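Everything quoted here is computed from the prediction, not taken from an experiment.
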Amino acid sequence: MNKINRLFSERGDRKLLSLYFCAGCPEEDMTADVILAMQRHGIDMIEVGIPFSDPLADGPVIQSAGTVALKNGMTLETLFGQLDAIKSQVNIPLVLMGYLNVIMHYGYERFCQRCVECGVSGFIIPDLPFDDYLNEIKPLADRYNLRCIMMITPETSEERIRFIDRHTDGFIYMVSSASITGAQQNFDEAKQQYFQRINAMNLHNPRMIGFGISNRQTLESAQNNAAGAIIGSKFVTLLRDTGNADEALTQLFDALKK
């Protein structure tokens, strides 16, 4: 069974926590340290960012991390080599998150092959058109037992959400707002209504809520309205500030209690 599916099938009522970091930031060779530290600290799933020069969905924190990573020389091939070196030590799902241009340039099938070889369970491509997903990506992902995770936002229509739900597997990435990534202090009434509206749809796929989660209020709101939460910008900031994955995780858990 794919590790993503296993995670959700075995979680019971436990709420999940997934973290994002950008490979190659703050240092090119930190990928293994960050992943293994997350696993030690009980993180359920890891999103590994593939740096890109024009990340449209990302706020200034993750954009800056991508810039640092590219300056450090991080490439997709380098990342695969780093993941391959630790695949026997990683038990939790790894999900690559990157933009279409990088993956298309690398080659869709070659990308899927390397994902399997390096222990990756799935991927997220924020700017992937759904028609391209159905016609080109999904057949390859199915062949290699990979999960292509699709995103929904408050502006996604119910018809579109149900269509995504029918044609995907693993989980749905539920973006908390239509804005770019970045830490927020709270989720307002409009976001709460959005969460409740999606809950009422009784979708087949579990959902994870991401974008803006940085403290106890936003974490609890996400976990109360989905299978779990995804944290990106807050952890990326702490990792850059500390330069140490264990310390960044300790500080993150402290922040999530406030």
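- Looking at heavy atoms from C-beta onward, Thr250 lies in side-chain contact with His41 at the 4.5 angstrom threshold.
- Applying the side chain to side chain donor-acceptor pair (under 3.5 Å) definition to pairs two or more places apart or across chains, those involving residues 204-213 are Asp165-Asn205, Thr168-Asn205, Asn199-Arg207.
- Sorted by first and then second residue, the ring pair (Phe, Tyr, Trp, His ring centres under 6.0 Å) pairs involving residues 229-258 (not counting sequence neighbours) form an empty list.
- Under a 3.5 Å cut-off, the side chain of Lys15 and the backbone N or O of Ala226 do form a donor-acceptor pair.
- If you chain together hydrophobic residues whose side chains sit under 4.5 Å apart, Phe80 and Leu70 never meet in one group.
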Test side chain to side chain contact (heavy atoms under 4.5 Å, CB included) applied to Met45 and Val95, step by step: CA-CA 8 Å; Met45 181 166 55; Val95 178; 4.0 Å; yes
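- Under the 4.5 Å side-chain heavy-atom criterion for Ile, Leu, Val, Met, Phe, Trp and Tyr, Met97 and Val68 are members of distinct hydrophobic clusters.
- Formation of a donor-acceptor pair under 3.5 Å by the Gln39 side chain with backbone atoms of Asn91 is found in this model.
- With values rounded to the nearest 0.5 angstrom, Ser18 atom OG is found 8.0 Å from Ile46 atom CD1.
- Nearest heavy-atom pair, Met1 versus Ser9, reported as atom, atom and distance to 0.1 Å: SD-OG, 3.9 Å.
- Asp132 pairs by the salt bridge (Lys or Arg N to Asp or Glu O under 4.0 Å) definition with nothing, not counting sequence neighbours.
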Step by step, work out the salt bridge (charged side-chain N to carboxylate O under 4.0 Å, His left out) result for Lys87 and Glu117. CA-CA 9 Å; Lys87 64 182 179 182; Glu117 291 168 357; over 6 Å; no
Could you walk me through whether Gln251 and Thr242 satisfy the side chain to side chain donor-acceptor pair (under 3.5 Å) test, starting with their C-alpha distance in whole Å, then the side-chain angles of each, then the deciding distance to 0.1 Å, before giving a yes or no? CA-CA 9 Å; Gln251 291 188 23; Thr242 63; 5.7 Å; no
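- Grouping the Ile, Leu, Val, Met, Phe, Trp and Tyr side chains by contacts below 4.5 angstrom, directly or via other members, places Ile86 with Val120.
- Note that the OG atom of Ser53 and the CG atom of Asn101 stand 7.5 Å from one another [nearest 0.5 Å].
- A salt bridge links Asp44 and Arg14; the closest N-O separation between the charged side-chain nitrogens and carboxylate oxygens is under 4.0 Å.
- Heavy atoms of other residues, nucleotides or ligands lying less than 6.0 angstrom from CD of Glu189 number more than 12.
- In this structure, CD1 in Ile172 is found 8.5 Å from CD1 in Ile198, a value given to the nearest 0.5 Å.
- Between Gln82 and Met74 there is a side-chain heavy-atom pair separated by less than 4.5 Å.
- For the pair Ala37 and Ala245, the tightest heavy-atom approach, listed with the atom from each and the gap, is CB-CB, 3.7 Å.
- Side chain of Asn224 to main chain of Glu220: a donor-acceptor pair is present (N/O by atom type, distance under 3.5 Å, no hydrogens or angles).
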Is there a side chain to side chain contact (heavy atoms under 4.5 Å, CB included) between Glu47 and Leu19? Walk through the geometry before answering. CA-CA 6 Å; Glu47 290 180 16; Leu19 295 188; over 6 Å; no
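- Using a 4.5 Å heavy-atom threshold, the side chains of Leu239 and Met30 count as touching.
- The two residues Ala141 and Phe123 make their nearest non-hydrogen contact at CB-CZ, 4.2 Å.
- Between Asn2 atom CG and Leu146 atom CG the span is 7.0 Å, to the nearest 0.5 Å.
- Aromatic ring centres of Tyr20 and Phe211 lie farther apart than the 6.0 Å criterion allows.
- Listed by first and then second residue, the salt bridge (Lys or Arg N to Asp or Glu O under 4.0 Å) pairs involving residues 241-250 are Arg40-Asp246 (not counting sequence neighbours).
- Going from atom SG of Cys118 over to atom CG of Asp84 covers 4.5 Å, rounded to the nearest 0.5 Å.
- Taking hydrophobic clusters as Ile, Leu, Val, Met, Phe, Trp and Tyr residues chained together by side-chain heavy-atom distances below 4.5 Å, Phe21 shares a cluster with Val102.
- When only modelled atom types and interatomic distance are considered, Thr218 and Asn215 share a side-chain donor-acceptor pair under 3.5 Å.
- The closest side-chain heavy-atom distance from Leu94 to Leu83 is below 4.5 Å.
- For Glu77 and Arg114, the salt-bridge test passes: some basic side-chain N is under 4.0 Å from an acidic carboxylate O.
- Arg6 pairs by the salt bridge (Lys or Arg N to Asp or Glu O under 4.0 Å) definition with nothing, not counting sequence neighbours.
- For Arg216, there are no salt bridge (Lys or Arg N to Asp or Glu O under 4.0 Å) partners two or more places apart in sequence or in a different chain.
- Judged by distance alone, with hydrogens and angles left aside, the side-chain atoms of Glu28 form no donor-acceptor pair with the main-chain N or O of Thr75 at under 3.5 Å.
- The shortest side-chain heavy-atom distance between Asn244 and Asp33 does not fall under the 4.5 Å cut-off.
- The shortest heavy-atom contact between Cys148 and Leu128 is SG-CD2, 3.9 Å.
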Applying side chain to side chain contact (heavy atoms under 4.5 Å, CB included) to Ile92 and Leu7, what does each step give before you reach the verdict? CA-CA 8 Å; Ile92 61 179; Leu7 173 65; over 6 Å; no
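- Side-chain polar atoms of Asn145 and Arg147 form a donor-acceptor pair below 3.5 angstrom.
- Using modelled atom types and a 3.5 Å distance limit, the side chains of Thr67 and Ser64 yield no donor-acceptor pair.
- Side-chain contact check for Gln113 versus Tyr144: some heavy-atom pair is nearer than 4.5 Å.
- Shown here for Met151 and Ile164, the closest heavy-atom pair between the two residues is O-CD1, 4.0 Å.
- In this structure, Cys25 and Ala69 approach most closely via the heavy-atom pair N-CB, 4.1 Å.
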Test side chain to side chain contact (heavy atoms under 4.5 Å, CB included) applied to Leu16 and Met208, step by step: CA-CA 8 Å; Leu16 304 178; Met208 296 285 285; 4.1 Å; yes
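- Residues that satisfy the side chain to side chain donor-acceptor pair (under 3.5 Å) test with Arg197, not counting sequence neighbours, are absent from this structure.
- Residues satisfying the ring pair (Phe, Tyr, Trp, His ring centres under 6.0 Å) test with Tyr194, not counting sequence neighbours, are none.
- For the atom pair CD1 of Ile231 and CD1 of Ile213, the computed distance is 6.0 Å after rounding to the nearest 0.5 Å.
- Here Glu136 pairs with nothing under the salt bridge (Lys or Arg N to Asp or Glu O under 4.0 Å) rule; sequence neighbours left out.
- When the ring pair (Phe, Tyr, Trp, His ring centres under 6.0 Å) test is applied to Phe163, the partners found at least two apart in sequence or on another chain are Phe130, His167.
- Partners of Lys138 by side chain to side chain donor-acceptor pair (under 3.5 Å), not counting sequence neighbours, listed by chain and number: Asp142.
- The hydrophobic clustering, which links ILVMFWY residues whose side-chain heavy atoms are closer than 4.5 Å, places Leu100 and Phe52 together.
- Partners of Ile103 under the side-chain contact (heavy atoms from CB on, under 4.5 Å) rule, at least two apart in sequence or in another chain, are Tyr108, Phe111, Ile125.
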